[in-house]
Amino acid sequence: MFLGLRTVVYPAPDLAAAKEWWSGVLGIQPYFDEPFFVGFNPGGYELGLDPSADPAAGPRTYWGVRSVDAAAQQLLEAGAAAVEPVSDVGDGIRLGTFRTPDGSILGVIENPVFQLTDADAPESEGPGR
């Protein structure tokens, strides 16, 4: 079911400060910049900033799936509970979050425009590249 990691969304109560900080750390500007969400695209993956998210809840991680509806059904049948119902967030991108039986939050995202790209980083960035 899971195609791989796609998106992580960080709570950003001070959206302007978070956008500035992440722009400096990533060395890129956001590809999407609105008062309700800021999105960066480092290496094809999405790093999002959500001003309405609760910092106490921590970041939300989304796994890519081919069909968010099928994934939601499979997760619910496996004992997960819906936290944020599946919704369309634009450009054909649909996502939802679920609480696993152990209490973790699991996000799934159907993103027809997802495409990995080469990250622009010098080879000297270290062995984790």
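Side chains included, hydrogens not; waters and symmetry mates left out as well; all remaining heavy atoms used.
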Gap separating the CH2 atom of Trp63 from the CG atom of Leu3, nearest 0.5 angstrom: 10.0 Å
Interatomic distance, Thr100 atom OG1 to Leu106 atom CG [nearest 0.5 angstrom]: 7.0 Å
CG/Asp91: more than 12 non-hydrogen atoms of other groups inside 6.0 Å: no
Thr97 side chain vs Glu84 backbone, donor-acceptor pair below 3.5 Å: yes
N/O donor-acceptor pair under 3.5 Å between Thr117 side chain and Gly44 backbone: yes
Partner residues of Asp69 under the salt bridge (Lys or Arg N to Asp or Glu O under 4.0 Å) criterion, sequence neighbours left out: Arg94
Contact summary for Ala18 and Ala12, nearest pair of heavy atoms: CB-CB, 3.7 Å
Closest approach of Leu116 to Gly43 (non-hydrogen atoms, all atoms of both residues): CD2-O, 3.7 Å
Donor-acceptor pair, side chain of Ser23 and main chain of Lys19, under 3.5 angstrom: yes
Phe114 six-ring centre to Arg6 NZ/CZ under 6.0 Å and within 45° of normal: yes
Polar contact flag, side-chain donor to acceptor under 3.5 angstrom, Glu46-Tyr31: yes
Other residues, nucleotides, ligands: >12 heavy atoms within 6.0 Å of Glu34 CD: yes
Nearest heavy atoms of Leu49 and Phe40, plus distance in Å: CD1-CE1, 3.8 Å
